[in-house]
Amino acid sequence: MLIEMQAIQVNQGNASILRDVNLSLDKGSIYGLIGPNGAGKTTTIAAALGLMPVSSGLVRVLGKDPWTQSRFVHARTGALPEQSGFYEWMSAEEYLAFFGNLYERPLTRGEIAHCLSQVALTPRPGQRISTFSRGMRQRLGLARALIPEPELIILDEPTNGLDPRGRRELHDILQELAADGIGVLLCTHLLDDVERLCDRIGVLVSGRTVVEGGLTDLLSANGLSQRFLIRLSAEAPPDEPHPHEASILTGNGGWRIVDIAAKAKPEEVWRKFYALGWPLVEIKRENTGLEALYLALTEGGTA
Amino acid sequence: MNAVAIIARKEAGDLLRSPRGLSWLLAMAAALSAFSLLLISDAELSLLDNAEAVYGMCAVIMGLGALLAIVMGVDTVAGEKERGSLVPLLVAPVSRDRILFGKLAGIAMVWAAMYLLALPYLWAAGGAGQNLAEGLVSLALMGTPVVLGFGFLAMGMGARLSSTRSALMVCLVILLLAASPVILGPSLRQTAVGRIFDWINPLSVALNALDAVIIDSQAVVSQWLHWNLTLLFSGITLWFARDGFYRTAL
């Protein structure tokens with residue numbers, strides 16, 4: 001287990017910032033931590049990074065208490081905070097060399113070039129960070145987070161401000177990292193990022209974890225399904241036979257709404273549709289059900 | 001390389017390579033030029049003897065050094081926190097003490113840069129007389145703990161207050177208060193309150209020592225009590241900075 005949090009509480013003065021947060025992240029897993037503004041996501045990250053002590057409960061990161069053994073945890077963890085500032089007068093190479101030295105991993109020019117190519121960042125030689133775009137800065141922050149060759153990466157709103165291509169590229173990088181066995185804790189407002197990337201989620205509301213678990217398990221348990229729109233090139237087959245994982249709700253013009261069970265794989269369901277004679281020409285994803293779950297939890301439904 | 005040295009080198013880069021740091025050095029050079037011209041012209045008109053010119057220049061250098069240390073001290077914690085560049089440092093596998101001492105070394109480098117920058121001006125203002133060497137030594141001895149103390153105070157204030165602007169304002173008000181007896185002149189300093197303030201105010205303590213060494217030609221070692229008081233000030237502000245820095249989170 002890379003991160004284990006059990007019933008943690010964080011108090012500041014008389015205020016209770018976190019009341020009952022639970023989180024568990026395994027190797028190779030991408031965990032989405034979501035919740036409304038002020039729910040305690042950043043504080044949870046701060047506790048995981050050993051930047052603040054917890055008042056009660058258990059926190060273990062890489063098997064250690066991050067507050068008392070922060071150097072052990074920091075040497076093996078990459079972090080990309082939400083507002084990740086840089087030394088504007090440095091070049092990307094100088095910046096990575098600076099952090100390489102701090103991590104006691106002095107980087108050669110070749111290693112710096114490798115770090116930059118890992119995140120698809122190609123600045124001009126000697127280009128100052130002050131001239132970087134938002135996307136370039138996010139990539140540089142990620143390159144910095146990868147310097148310690150981490151077992152765990154913690155990212156706070158990493159796709160904020162990125163254009164669609166930048167987001168997609170960052171998704172690809174994170175998926176590659178997870179495939180290499182690195183655990184990723186992703187804190188975000190963007191449910192689309194969570195749907196695309198995460199296999200586990202935790203929803204925080206007012207400093208409490210209101211739900212935690214595998215994404216598809218949670219959707220199934222709450223009776224939620226993945227919703228799609230399909231368009232046909234001709235009439236549907238007689239009696240409209242369909243796979244048992246899918247239900248066809250209504251028809252509207254050339255489009256039909258199809259709900260697919262949360263645990264089913266849509267690609268397999270579409271193959272079955274073709275096999276049953278459905279002339280599908282276009283499929284659009286409406287949602288995976290996460291949005292409905294999130295709204296229910298954060299508007300006082302399950303919470 | 002040691003983490004303290006790595007961070008100190010970065011801090012020096014903040015002063016010597018960033019537009020912000022270079023602008024401050026340029027402003028300091030302009031202020032020193034103006035003061036030295038004033039002192040030289042006063043000395044040439046025999047309104048001021050050489051010792052007083054050296055003393056005046058040392059006082060200005062120390063004051064400007066304290067001002068620069070405050071600006072850089074606030075920026076190194078509160079400024080970095082606002083810009084989001086502090087957290088990546090805090091999550092590096094380096095103890096907070098090492099980060100702090102790297103930043104403190106950065107403040108020391110600011111003072112060293114200011115001292116070096118001031119040398120030609122000091123030479124221009126007092127090079128003709130006998131008091132220049134005493135001025136240089138006593139400025140290094142008395143000025144260093146005072147300037148570093150104000151830098152540490154600014155770091156501690158920056159760590160505690162939520163904004164750079166608030167921390168800068170509070171520190172500038174403290175510097176102004178510390179400099180007020182000097183501005184108001186000797187009559188106020190002769191009163192009981194003025195005398196007490198003179199002994200607890202690090203800037204006054206250092207200036208009195210400079211006065212004794214440069215103008216009254218007393219031995220530098222005779223000012224050990226003044227020197228210890230300035231060291232006490234820098235020690236207290238160092239504790240203040242360290243305590244504040246340990247409270248800094250996201």
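Computed over heavy atoms, backbone and side chain alike; hydrogens, waters and symmetry mates excluded. In what follows, chains are A, B, ... by sequence order, proteins preceding strands, each numbered from 1.
- Heavy atoms closer than 4.5 Å to chain B are found in the side chain of A:Phe99, but not in its backbone.
- Of the atoms belonging to A:Tyr103, heavy atoms from both backbone and side chain fall under 4.5 Å from chain B.
- A:Leu102 and B:Val94 get closest at one heavy-atom pair: O-CG2, 3.7 Å.
- Looking only at heavy-atom pairs under 4.5 Å with chain B, the residue among A:Arg71, A:Gln83, A:Glu94 that has the most is A:Gln83.
- Residue B:Phe35 places its CZ atom among 12 or fewer non-hydrogen atoms of other residues, nucleotides or ligands, all under 6.0 Å distant.
- Under a cut-off of 6.0 angstrom, the local environment of CZ in B:Arg165 is sparse, with at most 12 non-hydrogen atoms contributed by other residues, nucleotides or ligands.
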Using the side chain to side chain contact (heavy atoms under 4.5 Å, CB included) rule, take A:Thr77 and B:Val91 through it: C-alpha gap first, then chi angles, then the decisive distance, then the call.
CA-CA 8 Å; A:Thr77 304; B:Val91 298; over 6 Å; no
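- The only option from B:Pro88, B:Ser18, B:Ser85 that meets the side-chain contact (heavy atoms from CB on, under 4.5 Å) definition with A:Tyr87 turns out to be B:Ser85.
- Annotation for B:Trp227: atom CH2 does not count as buried by contact number, only 12 or fewer foreign heavy atoms lying within 6.0 Å.
- Of the two parts of B:Arg17, the backbone and the side chain both hold a non-hydrogen atom closer than 4.5 Å to a non-hydrogen atom of chain A.
- In this structure, CZ in B:Arg83 is found 8.0 Å from CD in A:Glu88, a value given to the nearest 0.5 Å.
- Remark: B:Ile6 CD1 to A:Glu104 CD distance equals 8.0 Å, nearest 0.5 Å.
- The environment of B:Trp123 atom CH2 is sparse: at most 12 non-hydrogen atoms of other residues, nucleotides or ligands sit within 6.0 angstrom.
- The parts of A:Ala75 that come within reach of chain B are both its backbone and its side chain, each placing non-hydrogen atoms under 4.5 angstrom from that chain.
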Give the intermediate values and the outcome of side chain to side chain contact (heavy atoms under 4.5 Å, CB included) for residues B:Leu89 and A:Phe98.
CA-CA 10 Å; B:Leu89 274 184; A:Phe98 169 70; 4.0 Å; yes
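- Heavy-atom neighbours of B:Met169 CE from other residues, nucleotides or ligands within 6.0 Å: at or below the threshold of 12.
- The candidate from B:Ala92, B:Gly13, B:Pro93 with the greatest count of non-hydrogen atom pairs under 4.5 Å with chain A is B:Pro93.
- Residue contact with chain B, scored on non-hydrogen atoms closer than 4.5 Å, is absent for A:Arg76.
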